Amino acid sequence: MSNYHIKNLEEYFQVYRKSVRDPENFWEEVAEENFLWRKRWDKVLEYDLSKPEVSWYKGAKLNITENCIDRHIYSRGDKTAIIFEPNDPSEKAEHITYKQLHERVCKFANVLQDHGVKKGDRVCIYLPMIPELAISLLACARIGAIHSVVFAGFSSTALHTRINDSDCKIVITSDGAYRGNKTIDLKGIVDEALESCPNVNTVLVVKRINSDIHMKPKRDKWLQPLLDEAYHDCVPVLMDAEDPLFILYTSGSTGKPKGMVHTTAGYMVYTAYTFKNVFQYRENDVFWCTADIGWVTGHSYIVYGPLANGATTVLFEGVPSYPDFGRFWEVVQKHKVNQFYTAPTAIRALAKEQLGFSEKHDLSSLKILGSVGEPINEEAWHWYNDNIGKKNCPIVDTWWQTETGGIMISPIPYSTPTIPTYATLPLPGVQPALMDENGNELKGNLVSGRLCIKFPWPGMARTIWGNHDRYRDTYFSAYKDKYFTGDGALRDSTGYYRITGRVDDVIIVSGHNLGTAPIEDAINEHPAVAESAIVGFPHEVKGNALYGFVILKEFGETRVHDNLRNEINQIITEHIGPIAKLDKIQFTTGLPKTRSGKIMRRILRKIAEKETGNLGDISTLLNPEVVQEIMDGAIS
Ligand code: 6R9
């Protein structure tokens, strides 16, 4: 029996039990059977969750790009590794074989080396969804540089904060990006960001939209001529198992974004294993994950997981609505996609459109459908199942996080019976625990509590860049020796998990994690604003949308309020990005506060959700009278 590819429920339980009884042996077998190691590990796992310190495959030496590219060249050299589907359907798709990928990654790696990039250096990547994005990640990994991808929808402020936090000296970007019928001036955003980044001395620019941009002498260079000159081979730098592979920022409930650090061997083993099992990938399947590589889903399931399995992975530049709402289904038909992985917010947006958009395309290649990023509601699940899967494709509702590196709780197709809204069962090696408010583990079924993971897994983030104390405090201090996810969950009578949503001040809007604090900080920069509080409220398409309660320094006339609303959203766009704009802004003279001065978000949340019948005890508030005022002025 191979641990690597589970085929039915009985086998799942066997493998799961084995993985829990003897995790080291389990993860040793997975690692032995499937990868190219330059030196074997001395110890599979060492850990101390009180520090927390975790190391997987200690002593091993490897390079992840040899695993993702070189070793496939012998058996699959002419197989397509990446299918690039451009934004504009009339532009030809590009098929990049494993051999070609090897050459392009090596050339890019040599260009980076020529610009002084060495093992351990951080490289910031701010690119649209074009082949150079995937290639730049791999080029960094080839030479042991640590990539830090910043989603190209983030603003210049968000970009410079991230560049400075991890002290990147080089930025890879493009002249611009296509997005539906719009173009975005990425280079302009980079120029603005770099005014606040004194240590960046090189910007490599990919030509994508042929726009007329400013190139700063000495600092900015077009990439293509450098690639044309570069040597086609590059010896991979040998990495220790625990050397960092990348940093990826995620929002916290307070403070600045957290640069989650993932290391080499464990991340590779974990993404490869979960990719193969959750998507039941078979040779010659075409896999498509619609996420952006700027998020962890793209790192793990567009780039590393698929390529470590020698798969064909689709990289899509466009959006679901351009040129019309049939775009996803057109791409599925065109490339005969077998596994399709997307977010509930996209499903909900498409479900609002006419069925004709999906009906006119041949979706018969599809075998498995995936969902990720937020809870999928029952209606969206059924729409997906009925109209896209034609009731013939298992839906994998995959729960995981930037911090977990890969999928943690998910059905395994053809093994785990699915139920809408349930992520179902933990993958092998994953040991969830539900905790009550007093820190006790809730044993047995039919319980609900806070979701923790009580044993290390290879894909877990090892630290927050530059701030290990924050890593410990955020994830390992709420419950002793357990990783706290920030999510609530319930376990039903059969042991299935259903994720109920965040229990902290992170709000998931269209699948993007947004911390309330940075948005409030941005709003408070407006000269007319005294204080603000953000909460989420349910939204038909986005899952959650943002509701802002804002105290103005001078309350003024209602007429000017509309202008202020626009200005506030403008500030948010500048500081974070358009994804964090508020749907509703209510001006008020006060915010409900505890006697210690903390904003009672619980009350604001209820008002935003229009659940004012049950506000709970407000008598202990410092200013209970403000609650009525806020309820009276609530925006419907
Ligand atoms: C992969 C990714 C993580 C947060 C996570 C949770 C929510 C993700 C989910 C889900 C319910 C699912 N989340 N998948 N909630 N069901 N299948 O999205 O990472 O961007 O870090 O977000 O997303 O709240 O804690 P990330």
Side-chain angles (χ1 to χ4, degrees), residues 149-151 153-154 246-253 257-262 267 270-271 274-275 278 289-305 341-348 369-378 380-381 384 395-411 416 418-427 430 432 448 450-453 459-461 464 474-475 478 483-490 496-516 536 542-544 579-580:
V149 181
V150 178
F151 171 59
F154 274 128
F246 67 85
I247 300 168
L248 186 59
Y249 287 87
T250 188
S251 314
S253 44
K258 299 172 287 191
M260 304 312 306
V261 177
H262 282 281
Y267 176 81
Y270 196 71
T271 52
T274 51
F275 173 77
V278 172
C289 164
T290 69
D292 192 291
I293 292 175
W295 309 113
V296 75
T297 306
H299 279 58
S300 300
Y301 300 107
I302 296 176
V303 183
Y304 290 111
Y341 191 28
T342 196
T345 182
I347 299 168
R348 286 190 297 264
L369 302 176
S371 170
V372 61
E374 58 184 311
I376 177 165
N377 51 306
E378 191 141 3
W381 194 98
Y384 202 24
I395 295 179
V396 289
D397 178 357
T398 64
W399 173 84
W400 59 295
Q401 309 178 296
T402 305
E403 296 85 338
T404 70
I407 298 166
M408 301 288 279
I409 303 181
S410 165
T416 323
T418 58
I419 306 180
T421 76
Y422 281 80
T424 76
L425 296 169
L427 294 185
V430 174
S448 79
R450 298 181 167 212
L451 179 63
C452 288
I453 311 291
M460 67 193 288
I464 291 175
T474 309
Y475 301 108
Y483 165 77
F484 174 48
T485 63
D487 282 318
L490 63 82
Y496 271 23
Y497 288 87
R498 177 186 186 165
I499 312 302
T500 47
R502 302 290 308 187
V503 295
D504 56 11
D505 288 330
V506 171
I507 305 171
I508 310 221
V509 178
S510 298
H512 303 316
N513 292 9
L514 298 173
T516 50
K542 302 181 192 176
N544 295 297
I579 48 175

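Every number for a ligand or one of its atoms is a count from 1 in the order of the listing. Only a predicted model underlies this, so the values are computations on that prediction, with no experimental measurement involved.
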Novice: Students should find this: residues with any non-hydrogen atom under 4.0 Å from ligand 1. What is the answer?
Specialist: Val296, Thr297, Val372, Gly373, Glu374, Pro375, Asp397, Thr398, Trp399, Trp400, Gln401, Thr402, Asp487, Ile499, Arg502, Ile508, Asn513
Novice: Between Thr271 and Ser300, is there a side-chain donor-acceptor contact under 3.5 Å, judged purely by atom types and distance?
Specialist: no
Novice: Please tell me whether Asn377 and Arg348 have a donor and an acceptor in their side chains that are separated by less than 3.5 angstrom.
Specialist: yes
Novice: Might you work through the side-chain contact (heavy atoms from CB on, under 4.5 Å) test for Phe154 and Tyr249, ending with a clear yes or no?
Specialist: CA-CA 12 Å; Phe154 274 128; Tyr249 287 87; over 6 Å; no
Novice: According to the interplanar angle, ranging from 0 to 90°, do the rings of Trp400 and Tyr301 count as parallel (below 30°), tilted (30 to 60°) or perpendicular (above 60°)?
Specialist: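 Taking Tyr301 first and then Trp400, their aromatic rings stand perpendicular (interplane angle over 60°).
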Novice: How about Val430 and Tyr270: do any of their side-chain heavy atoms sit closer than 4.5 Å?
Specialist: yes
Novice: Holding to salt bridge (charged side-chain N to carboxylate O under 4.0 Å, His left out), I want the full list of residues that pass it with Arg498, two or more places apart in sequence or in another chain.
Specialist: none
